[in-house]
Peer 1: 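Okay, here's the structure, questions in a sec.
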Amino acid sequence: MIKLVKGFKDILPEEAGLWQHVEMLVRELLEDFGFAELRIPILEQTELFARSIGTSTDIVEKEMYTFIDRSGESLTLRPEATASVVRAYIEHRLYAKNPVRKLYTIGPMFRRERPQKGRYRQFYQINAEVFGLHDPRADAELILLLMTFMGRLELSGIVLHINSLGCPACRPRFKDALKSFLTGRSEQLCSDCLRRRDKNPLRIFDCKVPACKETMQDAPSILEHLCNTCQSHFEIVKTSLDRFQMPYQVNPRLVRGLDYYTRTTFEVLAETLGAQDAVAGGGRYDGLVKALGGPDQPGIGFAIGIDRLMALLAGRAQDFEKRPHIFIAAIGEQAQNIAFQWVQDLRRQRVRAEMDFENRSLKSQMRRADKLGVTYALIVGDRELDDGAAVLRNMTTKEQEKVSLQNVVTLVANRIRAEQSIH
RNA sequence: GUGAGUGUAGCUCAGUCGGUAGAGCACCGGGUUGUGGCCCCGGUGGUCGAGGGUUCAAGUCCCUUCACUCACCCCA
């Protein structure tokens with residue numbers, strides 16, 4: 001039997017309704033906040049990711065699905081969306097009319113990591129990016145948008161962490177301070193951290209090895225090394241969040257894996273998710289647009305992991321399954337033919353009608369109606385055909401009424417429409 | 001890439017000291033004329049992950065291998 005590729009998954013019909021609902025909610029909200037959808041391809045030139053994400057990151061070093069196309073060029077299945085959005089912003093000169101653009105995109109990303117709970121090789125993200133705004137209130141607004149979305153989904157047990165990574169002016173100074181702190185403490189660090197020390201010392205803050213954690217307790221904090229501009233930027237982000245009563249936790253150890261981040265970074269953590277507990281994350285990337293050959297415009301964005309969101313919403317999937325409205329139980333060939341016509345007519349009026357083509361016993365057809373969860377069953381057999389009226393049964397109240405054969409479709413359609421407008 | 005755990009029916013799982021495969025749920029049918037859920041009865045469904053070995057005999061013991069899961073790493 002041919003099976004799924006490792007780390008990939010199918011989204012089954014039972015869950016697809018919830019996915020649709022979540023996507024609808026987020027589109028609505030993003031558009032209210034002035035975002036427009038940008039649809040971008042899944043494949044890009046490898047160099048785009050190498051240059052934006054950073055060549056020494058794990059993603060670029062060992063996690064990308066890269067292959068040589070028949071023409072000889074190196075292509076990569078996108079491991080994240082920001083690079084592509086920036087590429088499109090530059091390539092189509094989206095900054096020309098107005099440098100301020102708010103864009104969102106939804107779709108799959110690919111990273112070849114070892115799969116585990118909440119981590120797949122193809123995973124889905126909702127991405128929002130804002131270009132052209134330096135103001136820290138833009139950072140706060142984006143975070144508020146993200147948290148509003150979480151709120152609308154009625155998620156509990158989630159925490160917002162924020163931090164500032166500084167800018168090209170102050171981050172090097174901090175790195176130096178960190179390096180000199182680490183000098184002479186190599187004994188206390190694990191082998192991974194020793195490797196990180198030269199490459200990307202900020203990552204040591206993330207290490208879970210107890211000895212490293214202990215050592216890093218006394219390490220200098222980035223927040224104490226921010227330049228004045230970065231410091232006041234971060235202050236305004238915080239006071240803006242305060243102003244809207246948005247709770248957050250300042251986490252100086254929040255270091256993000258992609259090289260392009262500057263100043264504000266944030267993550268939404270969910271305690272019930274296990275080891276992969278980040279549902280969403282993002283930050284500011286002021287140098288990226290220019291680095292990729294565009295104008296010197298700042299950027300800020302976030303990504304929401306839809307798969308992880310779904311894990312948090314598990315159990316609510318059944319509320320969004322589209323059940324049929326009515327099941328027509330027809331006994332005998334003549335009745336089946338009439339029922340077949342009714343089903344088609346009802347669907348034309350946007351009523352979800354189902355029937356059985358196998359001429360089963362009424363009992364088994366009723367059982368089927370019950371399983372489908374319909375509110376109405378329509379019964380028609382020789383008796384009803386002679387009588388000129390079918391029997392409409394309300395499955396919850398068990399009330400039955402006669403409906404003349406001529407009026408069946410309109411009556412049923414009206415009845416169901418009326419019920420929907422109540423809910 | 002590294003480590004640990006788990007593989008028996010569609011799903012969740014039992015299976016004793018090695019003796020020829022089981023339950024619950026699901027599915028199909030029945031419980032007197034043409035009416036669902038609850039209850040009762042019956043039925044379909046298995047290469048016991050795969051390959052090899054030991055044995056009169058292997059789901060069970062041994063070896064190999066594959067898959068899945070969780071964790072490390074990293075991140076959504």
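Quick note on labels: first sequence line is chain A, next is B, and so on, each numbered from 1. Computed from heavy atoms alone, side chains included, the values below leave out hydrogens, waters and symmetry copies.
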Peer 1: Any luck finding a side-chain donor-acceptor pair between A/H21 and A/D319 under 3.5 Å?
Peer 2: no
Peer 1: Taking the side chain of A/K371 as heavy atoms from C-beta outward, which of B/C28, B/G36, B/G34 is closest to it?
Peer 2: B/C28
Peer 1: Heavy atoms only: give me the nearest A/R51-A/A291 pair and the separation to one decimal.
Peer 2: NH2-O, 3.1 Å
Peer 1: Base of B/C73, side chain of A/Q116 - is there a donor-acceptor contact under 3.5 Å?
Peer 2: yes
Peer 1: So A/L292 and A/L48, do their side chains get closer than 4.5 Å, heavy atoms only?
Peer 2: yes
Peer 1: Could you tell me the separation between the CZ atom of A/R112 and the C1' atom of B/C74, rounded to a whole number of Å?
Peer 2: 15 Å
Peer 1: Between B/A76 atom C1' and A/E129 atom CD, what is the distance in whole Å?
Peer 2: 13 Å
Peer 1: With Watson-Crick and G-U wobble geometry limited to distances under 3.5 Å, how should the secondary structure of RNA chain B be encoded in dot-bracket form, using | for bases paired to another strand and [ ] for crossing pairs?
Peer 2: (((((((..((((.....[..)))).(((((.......))))).....(((((..]....))))))))))))....
Peer 1: When rounded to the nearest 0.5 angstrom, what is the spacing between CG in A/L30 and CD in A/E37?
Peer 2: 9.5 Å
Peer 1: Please compare A/I306 and A/R368 by the position of their nearest nucleotide in RNA chain B and report the one closer to 5'.
Peer 2: A/R368
Peer 1: Does atom CZ (A/R368) have a neighbourhood of more than 12 heavy atoms from anything else shown, all under 6.0 Å?
Peer 2: no
Peer 1: Rounding to the closest angstrom, what is the interatomic distance between B/G46 and B/G59 at atom C1'?
Peer 2: 11 Å
Peer 1: Report yes if the side chains of A/S74 and A/E47 come closer than 4.5 Å at any heavy-atom pair, otherwise no.
Peer 2: no
Peer 1: Centroid separation under 6.0 Å, is that true for the rings of A/Y89 and A/F131?
Peer 2: yes
Peer 1: Considering only B/G36, B/C74, B/C75, which nucleotide approaches the side chain of A/K398 most closely?
Peer 2: B/G36
Peer 1: Between A/V5 and A/F123, name the one whose nearest nucleotide on RNA chain B is closer to the 5' end.
Peer 2: A/V5
Peer 1: What's the gap between B/C75 and B/A14 when it is taken at their P atoms, as a whole Å value?
Peer 2: 38 Å
Peer 1: Which part of the nucleic acid, if any, lies within reach of A/E80 when heavy atoms closer than 4.0 Å are counted: base, sugar-phosphate only, or nothing?
Peer 2: nothing
Peer 1: Can you tell me how far P in B/C48 sits from the matching atom in B/A58, rounded to whole Å?
Peer 2: 12 Å
Peer 1: Examine the side chains of A/E419 and A/Y376 and answer whether a donor and an acceptor come within less than 3.5 Å of each other.
Peer 2: yes
Peer 1: Describe the nucleic acid contact of A/A280 in one word from base, sugar-phosphate, nothing, applying a heavy-atom distance below 4.0 Å.
Peer 2: sugar-phosphate
Peer 1: Please report the distance separating the C1' of B/A9 from the corresponding atom of B/A21, rounded so that it comes out in whole Å.
Peer 2: 10 Å
Peer 1: Evaluate whether atom CZ of A/R137 has more than 12 neighbouring non-hydrogen atoms of other residues, nucleotides or ligands under 6.0 angstrom away.
Peer 2: no
Peer 1: Strictly under 3.5 Å: I want the nitrogen or oxygen pairs between protein and nucleotides 29-33 of chain B, one per line.
Peer 2:
{"unit_1": "B/G29", "atom_1": "OP1", "unit_2": "A/R360", "atom_2": "NH1", "d": "3.1"}
{"unit_1": "B/G31", "atom_1": "N7", "unit_2": "A/K363", "atom_2": "NZ", "d": "3.3"}

Peer 1: Counting distance alone, no hydrogens or angles: does the base of B/G36 have a donor or acceptor under 3.5 Å from a partner atom on the side chain of A/R393?
Peer 2: yes
Peer 1: Looking at B/U35, does its base get a donor-acceptor pair with the side chain of A/Q365 below 3.5 Å?
Peer 2: no
Peer 1: In whole Å, measure the gap between the C1' atoms of B/G49 and B/G7 for me.
Peer 2: 6 Å
Peer 1: Taking the minimum atom-to-atom distance to the side chain of A/L362, which one of B/C75, B/G34, B/G36 wins?
Peer 2: B/G34
Peer 1: Please give, in whole Å, the distance from B/G1 P to A/D58 CG?
Peer 2: 14 Å
Peer 1: Looking at A/R112, I want to see if its CZ is surrounded by more than 12 non-hydrogen atoms of other residues, nucleotides or ligands under 6.0 Å.
Peer 2: no
Peer 1: Grab the CG-P distance between A/L372 and B/C27 for me, whole Å please.
Peer 2: 11 Å
Peer 1: Check this for me: A/K9, atom NZ, are more than 12 non-hydrogen atoms of other residues, nucleotides or ligands nearer than 6.0 Å?
Peer 2: yes
Peer 1: In terms of side-chain heavy atoms of A/V391, which of B/C28, B/U35, B/G36 is nearest?
Peer 2: B/U35
Peer 1: Considering only the P atoms, how many Å lie between B/G31 and B/G37, rounded to the nearest integer?
Peer 2: 13 Å
Peer 1: Within this structure, what is the CG-to-C1' distance between A/D382 and B/G34, rounded to whole angstrom?
Peer 2: 10 Å
Peer 1: Using the C1' atom as the point on both nucleotides, what is the distance between B/G51 and B/C17, in whole Å?
Peer 2: 28 Å
Peer 1: Describe the nucleic acid contact of A/I379 in one word from base, sugar-phosphate, nothing, applying a heavy-atom distance below 4.0 Å.
Peer 2: base
Peer 1: Is there a donor on the side chain of A/R119 or the base of B/C73 sitting less than 3.5 Å from an acceptor on the other?
Peer 2: yes
Peer 1: Determine the Euclidean distance between corresponding C1' atoms of B/C27 and B/G18; express it in Å to zero decimal places.
Peer 2: 35 Å
Peer 1: Quick one: the side chain of A/E384 and the base of B/G34, do they pair up donor-acceptor inside 3.5 Å?
Peer 2: yes
Peer 1: Which whole-number value in Å describes the distance from A/R111 CZ to B/C75 P?
Peer 2: 8 Å
Peer 1: Suppose we call a contact any N or O donor and acceptor under 3.5 Å apart; does that hold for the side chain of A/E113 and the base of B/A76?
Peer 2: yes
Peer 1: Which word best sums up how the rings of A/F8 and A/Y65 line up, parallel for under 30°, tilted for 30 to 60°, or perpendicular for over 60°?
Peer 2: perpendicular
Peer 1: For B/U69 and A/K117 - does any side-chain N or O of the residue sit under 4.0 Å from the phosphate oxygens OP1/OP2?
Peer 2: no
Peer 1: Between B/A76 atom C1' and A/Y124 atom OH, what is the distance in whole Å?
Peer 2: 14 Å
Peer 1: If you check the A/R114 side chain, which of B/G36, B/A71, B/A67 turns out closest?
Peer 2: B/A71
Peer 1: In whole angstrom, give the distance that lies between atom CD of A/E14 and atom C1' of B/A26.
Peer 2: 13 Å
